[in-house]
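Reviewing the structure listed below.
In what follows, chains carry the letters A, B, and so on, assigned in the order in which the sequence lines appear, proteins first and then strands, with residues in each chain numbered from 1.
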Protein chains: 2
Amino acid sequence: MISKKTKYALKALIYLAREFDKGPILIADLARDERIPKKFLELILLTLKNNGILQSRKGKGGGYYLGKSPKEISMGNVIRLLEGPLAPVPCVSETAYAKCEECLDERTCGIRLMMKDVRDAIAKILDGTTLADVLERTARAEQQEKGVLHYYI
Amino acid sequence: MISKKTKYALKALIYLAREFDKGPILIADLARDERIPKKFLELILLTLKNNGILQSRKGKGGGYYLGKSPKEISMGNVIRLLEGPLAPVPCVSETAYAKCEECLDERTCGIRLMMKDVRDAIAKILDGTTLADVLERTARAEQQEKGVLHYYI
DNA sequence: AGTTTAGCCTATCGGTTTAATAGGGTTATG
DNA sequence: CATAACCCTATTAAACCGATAGGCTAAACT
(Lines give C-alpha, C1' and ligand atoms only; values in the text may rest on other atoms or scores of the structure.)
Protein backbone atom coordinates (compact mmCIF):
# COMPACT_ATOMS: atom_id res chain seq x y z
CA MET A 1 0.00 0.00 0.00
CA ILE A 2 1.28 3.43 -0.89
CA SER A 3 1.68 6.08 1.80
CA LYS A 4 -0.46 9.14 2.35
CA LYS A 5 2.55 11.20 1.38
CA THR A 6 2.51 9.72 -2.10
CA LYS A 7 -1.24 10.13 -2.43
CA TYR A 8 -0.95 13.77 -1.40
CA ALA A 9 1.80 14.25 -3.98
CA LEU A 10 -0.35 12.78 -6.75
CA LYS A 11 -3.33 14.89 -5.80
CA ALA A 12 -1.19 18.01 -5.70
CA LEU A 13 0.25 17.26 -9.12
CA ILE A 14 -3.18 16.75 -10.61
CA TYR A 15 -4.28 20.01 -9.07
CA LEU A 16 -1.25 21.85 -10.47
CA ALA A 17 -1.72 20.21 -13.86
CA ARG A 18 -5.26 21.59 -14.01
CA GLU A 19 -3.85 25.06 -13.34
CA PHE A 20 -0.96 24.58 -15.73
CA ASP A 21 0.12 27.85 -17.39
CA LYS A 22 -1.97 29.92 -14.99
CA GLY A 23 0.88 31.08 -12.83
CA PRO A 24 2.11 29.91 -9.41
CA ILE A 25 -0.29 28.29 -6.92
CA LEU A 26 -0.01 28.94 -3.19
CA ILE A 27 0.75 26.02 -0.89
CA ALA A 28 -2.01 27.33 1.36
CA ASP A 29 -4.61 27.23 -1.42
CA LEU A 30 -3.59 23.77 -2.52
CA ALA A 31 -3.63 22.52 1.07
CA ARG A 32 -7.08 23.96 1.73
CA ASP A 33 -8.68 22.74 -1.51
CA GLU A 34 -7.28 19.21 -1.33
CA ARG A 35 -7.52 18.93 2.45
CA ILE A 36 -3.83 18.24 2.95
CA PRO A 37 -2.02 19.40 6.14
CA LYS A 38 -0.17 22.51 4.99
CA LYS A 39 3.16 21.89 6.68
CA PHE A 40 3.20 18.32 5.48
CA LEU A 41 2.43 19.43 1.95
CA GLU A 42 5.35 21.86 2.09
CA LEU A 43 7.77 18.97 2.50
CA ILE A 44 6.20 17.01 -0.32
CA LEU A 45 6.27 19.90 -2.78
CA LEU A 46 9.84 20.62 -1.80
CA THR A 47 11.08 17.14 -2.68
CA LEU A 48 9.13 17.28 -5.93
CA LYS A 49 10.84 20.56 -6.67
CA ASN A 50 14.30 19.29 -5.75
CA ASN A 51 13.78 16.51 -8.26
CA GLY A 52 12.75 18.68 -11.16
CA ILE A 53 9.04 17.87 -11.18
CA LEU A 54 8.00 21.25 -9.86
CA GLN A 55 9.31 24.79 -9.89
CA SER A 56 8.61 27.57 -7.43
CA ARG A 57 8.73 31.29 -7.00
CA LYS A 58 9.29 32.98 -3.65
CA GLY A 59 7.79 36.12 -2.24
CA LYS A 60 4.57 37.87 -3.08
CA GLY A 61 2.83 36.40 -6.11
CA GLY A 62 4.90 33.25 -5.68
CA GLY A 63 3.92 29.65 -5.32
CA TYR A 64 4.42 26.31 -7.04
CA TYR A 65 3.88 25.24 -10.63
CA LEU A 66 4.74 22.30 -12.86
CA GLY A 67 8.34 22.23 -14.02
CA LYS A 68 7.39 20.59 -17.31
CA SER A 69 4.33 19.62 -19.28
CA PRO A 70 1.96 16.99 -17.81
CA LYS A 71 2.88 14.77 -20.75
CA GLU A 72 6.48 14.65 -19.57
CA ILE A 73 5.76 13.72 -15.96
CA SER A 74 5.52 9.97 -15.50
CA MET A 75 3.77 8.43 -12.54
CA GLY A 76 6.60 5.95 -12.10
CA ASN A 77 9.05 8.78 -11.63
CA VAL A 78 6.87 10.52 -9.04
CA ILE A 79 6.08 7.37 -7.08
CA ARG A 80 9.73 6.31 -6.95
CA LEU A 81 10.66 9.71 -5.51
CA LEU A 82 8.21 9.46 -2.66
CA GLU A 83 7.79 5.73 -2.14
CA GLY A 84 11.15 4.33 -3.18
CA PRO A 85 11.76 1.58 -5.73
CA LEU A 86 8.79 -0.09 -7.43
CA ALA A 87 10.32 -3.57 -7.10
CA PRO A 88 8.90 -5.85 -4.38
CA VAL A 89 12.40 -7.12 -3.58
CA PRO A 90 15.63 -5.10 -3.90
CA CYS A 91 17.37 -7.73 -6.05
CA VAL A 92 15.05 -7.06 -9.01
CA SER A 93 15.06 -3.26 -8.86
CA GLU A 94 16.36 -1.52 -11.99
CA THR A 95 16.80 1.86 -10.34
CA ALA A 96 18.02 0.77 -6.89
CA TYR A 97 19.43 -2.72 -7.12
CA ALA A 98 20.62 -4.31 -3.88
CA LYS A 99 21.46 -7.88 -2.99
CA CYS A 100 18.99 -9.65 -0.72
CA GLU A 101 21.09 -10.42 2.35
CA GLU A 102 19.46 -13.75 3.01
CA CYS A 103 19.69 -15.01 -0.57
CA LEU A 104 22.28 -17.72 -1.15
CA ASP A 105 22.27 -17.87 -4.95
CA GLU A 106 20.53 -15.03 -6.70
CA ARG A 107 20.85 -16.52 -10.19
CA THR A 108 18.76 -19.57 -9.36
CA CYS A 109 16.29 -18.04 -6.90
CA GLY A 110 12.77 -18.88 -8.04
CA ILE A 111 11.22 -16.16 -5.93
CA ARG A 112 13.42 -13.63 -7.64
CA LEU A 113 12.34 -14.73 -11.10
CA MET A 114 8.69 -14.36 -10.15
CA MET A 115 9.26 -11.00 -8.47
CA LYS A 116 11.08 -9.76 -11.56
CA ASP A 117 7.91 -10.39 -13.55
CA VAL A 118 5.94 -8.44 -10.96
CA ARG A 119 8.34 -5.53 -11.02
CA ASP A 120 8.30 -5.38 -14.80
CA ALA A 121 4.51 -5.40 -14.89
CA ILE A 122 4.29 -2.58 -12.36
CA ALA A 123 6.98 -0.51 -14.04
CA LYS A 124 5.42 -0.96 -17.47
CA ILE A 125 2.18 0.60 -16.25
CA LEU A 126 3.56 3.33 -14.00
CA ASP A 127 6.38 4.43 -16.28
CA GLY A 128 3.99 4.35 -19.20
CA THR A 129 1.39 6.57 -17.59
CA THR A 130 1.87 10.33 -17.54
CA LEU A 131 0.15 13.00 -15.53
CA ALA A 132 -1.66 13.97 -18.74
CA ASP A 133 -2.95 10.40 -19.09
CA VAL A 134 -4.37 10.47 -15.56
CA LEU A 135 -6.13 13.77 -16.25
CA GLU A 136 -7.56 12.37 -19.45
CA ARG A 137 -8.87 9.24 -17.79
CA THR A 138 -10.47 11.35 -15.09
CA ALA A 139 -12.10 13.59 -17.68
CA ARG A 140 -13.39 10.59 -19.61
CA ALA A 141 -14.84 8.99 -16.46
CA GLU A 142 -16.54 12.29 -15.60
CA GLN A 143 -18.09 12.45 -19.05
CA GLN A 144 -19.35 8.91 -18.67
CA GLU A 145 -20.81 9.65 -15.25
CA LYS A 146 -22.65 12.63 -16.67
CA GLY A 147 -24.03 10.42 -19.42
CA VAL A 148 -25.25 7.82 -16.96
CA LEU A 149 -26.82 10.49 -14.76
CA HIS A 150 -28.63 11.98 -17.72
CA TYR A 151 -29.94 8.60 -18.68
CA TYR A 152 -31.42 7.92 -15.27
CA ILE A 153 -32.96 11.33 -14.64
CA MET B 1 9.05 -3.89 -0.69
CA ILE B 2 7.96 -7.07 0.99
CA SER B 3 8.88 -7.71 4.62
CA LYS B 4 11.43 -10.17 5.94
CA LYS B 5 8.56 -12.10 7.45
CA THR B 6 7.12 -12.79 4.01
CA LYS B 7 10.51 -13.72 2.58
CA TYR B 8 11.07 -16.13 5.45
CA ALA B 9 7.66 -17.66 4.81
CA LEU B 10 8.41 -18.19 1.13
CA LYS B 11 11.78 -19.74 1.89
CA ALA B 12 10.24 -22.03 4.47
CA LEU B 13 7.55 -23.14 2.03
CA ILE B 14 10.10 -23.92 -0.66
CA TYR B 15 12.10 -25.91 1.86
CA LEU B 16 9.01 -27.86 2.95
CA ALA B 17 7.97 -28.42 -0.65
CA ARG B 18 11.34 -30.01 -1.35
CA GLU B 19 10.72 -32.39 1.56
CA PHE B 20 7.11 -32.98 0.59
CA ASP B 21 5.90 -36.49 1.54
CA LYS B 22 8.97 -37.16 3.64
CA GLY B 23 7.32 -36.62 7.02
CA PRO B 24 7.33 -33.65 9.42
CA ILE B 25 10.25 -31.19 9.50
CA LEU B 26 11.46 -29.65 12.76
CA ILE B 27 11.26 -25.87 13.16
CA ALA B 28 14.79 -26.02 14.51
CA ASP B 29 16.15 -27.73 11.39
CA LEU B 30 14.36 -25.34 9.07
CA ALA B 31 15.57 -22.35 11.06
CA ARG B 32 19.16 -23.55 11.03
CA ASP B 33 19.29 -24.49 7.34
CA GLU B 34 17.61 -21.31 6.10
CA ARG B 35 19.19 -19.00 8.68
CA ILE B 36 15.89 -17.76 10.07
CA PRO B 37 15.56 -16.79 13.77
CA LYS B 38 13.83 -19.81 15.30
CA LYS B 39 11.30 -18.01 17.48
CA PHE B 40 10.36 -15.69 14.65
CA LEU B 41 9.93 -18.64 12.32
CA GLU B 42 7.59 -20.28 14.84
CA LEU B 43 5.14 -17.40 14.50
CA ILE B 44 5.30 -17.47 10.72
CA LEU B 45 4.69 -21.21 10.46
CA LEU B 46 1.84 -20.89 12.91
CA THR B 47 -0.04 -18.37 10.83
CA LEU B 48 0.56 -20.46 7.72
CA LYS B 49 -0.88 -23.41 9.60
CA ASN B 50 -3.89 -21.47 10.89
CA ASN B 51 -4.68 -20.60 7.30
CA GLY B 52 -4.53 -24.10 5.92
CA ILE B 53 -1.22 -23.83 4.09
CA LEU B 54 0.67 -26.04 6.53
CA GLN B 55 -0.12 -28.84 8.93
CA SER B 56 1.77 -29.90 12.03
CA ARG B 57 2.23 -32.76 14.43
CA LYS B 58 3.10 -32.27 18.10
CA GLY B 59 5.31 -34.30 20.37
CA LYS B 60 8.29 -36.47 19.56
CA GLY B 61 8.62 -37.16 15.83
CA GLY B 62 6.51 -34.07 15.16
CA GLY B 63 7.11 -31.01 13.01
CA TYR B 64 5.65 -29.10 10.08
CA TYR B 65 4.66 -30.22 6.61
CA LEU B 66 2.67 -28.89 3.66
CA GLY B 67 -1.08 -29.08 4.08
CA LYS B 68 -1.63 -29.62 0.36
CA SER B 69 0.33 -30.24 -2.78
CA PRO B 70 2.73 -27.51 -4.01
CA LYS B 71 0.54 -27.20 -7.09
CA GLU B 72 -2.36 -26.06 -4.92
CA ILE B 73 -0.49 -23.36 -3.00
CA SER B 74 -0.56 -20.02 -4.79
CA MET B 75 1.97 -17.31 -4.07
CA GLY B 76 -0.78 -14.72 -4.05
CA ASN B 77 -2.52 -16.51 -1.23
CA VAL B 78 0.65 -16.77 0.86
CA ILE B 79 1.72 -13.18 0.29
CA ARG B 80 -1.73 -11.83 1.17
CA LEU B 81 -1.65 -13.75 4.45
CA LEU B 82 1.63 -12.23 5.54
CA GLU B 83 1.75 -8.91 3.74
CA GLY B 84 -1.90 -7.93 3.41
CA PRO B 85 -3.71 -6.98 0.20
CA LEU B 86 -1.79 -6.85 -3.08
CA ALA B 87 -3.48 -3.63 -4.17
CA PRO B 88 -1.43 -0.41 -3.93
CA VAL B 89 -4.51 1.50 -2.73
CA PRO B 90 -7.39 0.03 -0.68
CA CYS B 91 -10.07 1.23 -3.09
CA VAL B 92 -8.96 -1.23 -5.80
CA SER B 93 -8.47 -4.29 -3.58
CA GLU B 94 -10.62 -7.29 -4.49
CA THR B 95 -10.04 -9.13 -1.22
CA ALA B 96 -10.02 -6.19 1.21
CA TYR B 97 -11.79 -3.25 -0.39
CA ALA B 98 -11.90 -0.03 1.59
CA LYS B 99 -12.74 3.52 0.61
CA CYS B 100 -9.82 5.95 0.44
CA GLU B 101 -10.72 8.53 3.09
CA GLU B 102 -9.37 11.46 1.14
CA CYS B 103 -11.04 10.55 -2.16
CA LEU B 104 -13.94 12.78 -3.13
CA ASP B 105 -15.37 10.81 -6.07
CA GLU B 106 -14.10 7.29 -6.44
CA ARG B 107 -15.82 6.63 -9.75
CA THR B 108 -13.95 9.37 -11.59
CA CYS B 109 -10.57 9.17 -9.79
CA GLY B 110 -7.84 8.83 -12.42
CA ILE B 111 -5.32 7.55 -9.89
CA ARG B 112 -7.70 4.77 -8.97
CA LEU B 113 -8.10 3.66 -12.58
CA MET B 114 -4.35 3.44 -13.00
CA MET B 115 -3.88 1.64 -9.69
CA LYS B 116 -6.54 -0.85 -10.65
CA ASP B 117 -4.42 -1.81 -13.65
CA VAL B 118 -1.42 -2.23 -11.37
CA ARG B 119 -3.34 -4.38 -8.94
CA ASP B 120 -4.68 -6.60 -11.69
CA ALA B 121 -1.21 -7.08 -13.17
CA ILE B 122 0.26 -8.03 -9.79
CA ALA B 123 -2.62 -10.36 -8.92
CA LYS B 124 -2.48 -12.06 -12.30
CA ILE B 125 1.13 -13.04 -11.73
CA LEU B 126 1.02 -13.91 -8.04
CA ASP B 127 -2.30 -15.76 -8.11
CA GLY B 128 -1.18 -17.58 -11.23
CA THR B 129 2.08 -18.82 -9.76
CA THR B 130 2.10 -21.86 -7.48
CA LEU B 131 4.75 -23.15 -5.15
CA ALA B 132 5.35 -25.92 -7.70
CA ASP B 133 5.99 -23.29 -10.39
CA VAL B 134 8.61 -21.59 -8.23
CA LEU B 135 10.36 -24.90 -7.59
CA GLU B 136 10.35 -25.66 -11.28
CA ARG B 137 11.80 -22.29 -12.24
CA THR B 138 14.52 -22.73 -9.64
CA ALA B 139 15.33 -26.20 -10.97
CA ARG B 140 15.45 -24.90 -14.51
CA ALA B 141 17.75 -22.05 -13.54
CA GLU B 142 20.01 -24.49 -11.71
CA GLN B 143 20.21 -26.70 -14.78
CA GLN B 144 21.12 -23.73 -16.91
CA GLU B 145 23.81 -22.65 -14.47
CA LYS B 146 25.30 -26.11 -14.54
CA GLY B 147 25.28 -26.00 -18.33
CA VAL B 148 27.06 -22.66 -18.37
CA LEU B 149 29.58 -23.87 -15.83
CA HIS B 150 30.25 -27.01 -17.86
CA TYR B 151 30.77 -24.93 -20.94
CA TYR B 152 33.38 -22.75 -19.30
CA ILE B 153 35.28 -25.48 -17.44
C1' DA C 1 15.37 50.66 2.26
C1' DG C 2 12.04 48.33 4.69
C1' DT C 3 8.31 45.45 5.25
C1' DT C 4 5.56 41.86 3.92
C1' DT C 5 4.93 37.60 1.59
C1' DA C 6 5.73 32.96 0.77
C1' DG C 7 8.74 29.27 0.08
C1' DC C 8 13.00 26.84 2.54
C1' DC C 9 14.98 24.09 6.10
C1' DT C 10 15.76 21.45 10.49
C1' DA C 11 14.10 19.38 14.46
C1' DT C 12 10.84 17.01 17.01
C1' DC C 13 6.91 14.17 18.44
C1' DG C 14 3.46 10.51 19.13
C1' DG C 15 1.91 6.48 17.08
C1' DT C 16 2.35 2.35 14.45
C1' DT C 17 4.88 -1.37 12.29
C1' DT C 18 8.74 -4.50 11.96
C1' DA C 19 11.97 -7.89 13.52
C1' DA C 20 13.18 -10.36 17.05
C1' DT C 21 13.14 -12.43 21.82
C1' DA C 22 11.28 -14.32 26.23
C1' DG C 23 8.94 -17.49 28.77
C1' DG C 24 6.13 -20.27 29.68
C1' DG C 25 1.67 -23.66 28.35
C1' DT C 26 -0.17 -27.62 25.90
C1' DT C 27 -0.30 -31.94 23.53
C1' DA C 28 1.02 -36.17 21.57
C1' DT C 29 4.10 -39.89 21.46
C1' DG C 30 7.62 -43.38 23.01
C1' DC D 1 4.67 -40.18 32.59
C1' DA D 2 8.43 -37.79 30.94
C1' DT D 3 9.94 -35.47 27.19
C1' DA D 4 9.94 -33.59 22.67
C1' DA D 5 7.93 -30.27 20.01
C1' DC D 6 4.49 -27.20 18.76
C1' DC D 7 1.33 -23.30 20.73
C1' DC D 8 0.45 -18.81 22.63
C1' DT D 9 0.96 -14.11 24.83
C1' DA D 10 3.76 -10.46 25.98
C1' DT D 11 7.64 -7.45 25.47
C1' DT D 12 11.33 -4.96 23.29
C1' DA D 13 14.25 -1.92 20.32
C1' DA D 14 14.58 0.18 16.14
C1' DA D 15 12.61 2.07 12.17
C1' DC D 16 9.04 4.47 9.74
C1' DC D 17 4.86 7.43 9.14
C1' DG D 18 2.09 11.39 9.56
C1' DA D 19 2.06 15.59 11.30
C1' DT D 20 3.66 19.90 13.61
C1' DA D 21 6.83 23.72 15.26
C1' DG D 22 9.65 27.46 14.56
C1' DG D 23 12.56 30.01 12.60
C1' DC D 24 15.38 31.35 8.06
C1' DT D 25 15.81 33.18 3.40
C1' DA D 26 14.62 35.19 -0.81
C1' DA D 27 11.60 38.00 -3.69
C1' DA D 28 8.55 41.75 -4.51
C1' DC D 29 5.94 45.78 -3.64
C1' DT D 30 5.62 50.16 -1.53
Set out, in order, the CA-CA distance, both residues' side-chain angles and the distance that settles side-chain hydrogen bond (donor to acceptor under 3.5 Å, both in side chains) for B:T47 and B:N50, then state yes or no. CA-CA 5 Å; B:T47 73; B:N50 289 337; over 6 Å; no
Span of DNA chain C in contact with chain B (heavy atoms, under 4.0 Å):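 Going 5' to 3' along DNA chain C, contacts run C:dA19 to C:dT29.
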Salt bridge flag under 4.0 Å for residues [X] and [Y]:
X: A:E94; Y: A:K116; value: yes
X: B:K4; Y: A:E101; value: yes
X: B:D117; Y: A:R137; value: yes

If I take atom [atom1] in residue [X] and atom [atom2] in nucleotide [N], what distance separates them, rounded to the nearest angstrom?
X: A:F40; N: D:dA21; atom1: CZ; atom2: C1'; answer: 15 Å
X: B:Y64; N: D:dA5; atom1: OH; atom2: P; answer: 14 Å
X: B:L48; N: D:dC6; atom1: CG; atom2: C1'; answer: 14 Å
X: A:Q55; N: D:dA27; atom1: CD; atom2: P; answer: 14 Å
X: A:Y65; N: D:dA27; atom1: OH; atom2: C1'; answer: 12 Å
X: B:K38; N: D:dC7; atom1: NZ; atom2: P; answer: 12 Å
X: B:K60; N: D:dA2; atom1: NZ; atom2: P; answer: 15 Å

Answer yes or no: side-chain N or O of A:K39 and base N or O of D:dG22 forming a donor-acceptor pair under 3.5 Å.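 Check passes, donor-acceptor contact within cut-off.
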Contact residues, residues 2-31 of chain A to DNA chain C [heavy atom, < 4.0 Å]: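 Heavy-atom cutoff 4.0 Å gives A:I25, A:L26, A:I27.
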Using side-chain heavy atoms (C-beta onward) and a distance below 4.5 Å, is A:I25 in contact with A:Y15?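 Counting from C-beta outward, A:I25 and A:Y15 do come under 4.5 Å.
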Please identify each residue that fulfils side-chain contact (heavy atoms from CB on, under 4.5 Å) with B:A17, with sequence neighbours left out.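 side-chain contact (heavy atoms from CB on, under 4.5 Å) check on B:A17 returns B:L66, B:P70, B:L131, B:L135.
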Partners passing side-chain contact (heavy atoms from CB on, under 4.5 Å) against B:Y97 (at least two apart in sequence or in another chain):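 B:Y97 satisfies side-chain contact (heavy atoms from CB on, under 4.5 Å) with B:C91, B:K99, B:E106 once adjacent residues are dropped.
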Please state whether the phosphate of D:dT3, meaning OP1 or OP2, lies under 4.0 angstrom from any side-chain nitrogen or oxygen of B:K58.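 Checking B:K58 against D:dT3: no side-chain N or O falls below 4.0 Å of OP1 or OP2.
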Interface polar pairs with nucleotides 10-15 of chain D, N/O, under 3.5 angstrom:
none

Sorted by first residue and then second, give each ring-ring contact (aromatic ring centres under 6.0 Å, His included) pair with at least one member in residues 19-53 of chain B; sequence neighbours left out.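 Counting only pairs at least two positions apart or across chains, the ring-ring contact (aromatic ring centres under 6.0 Å, His included) contacts touching residues 19-53 of chain B are B:Y8-B:F40.
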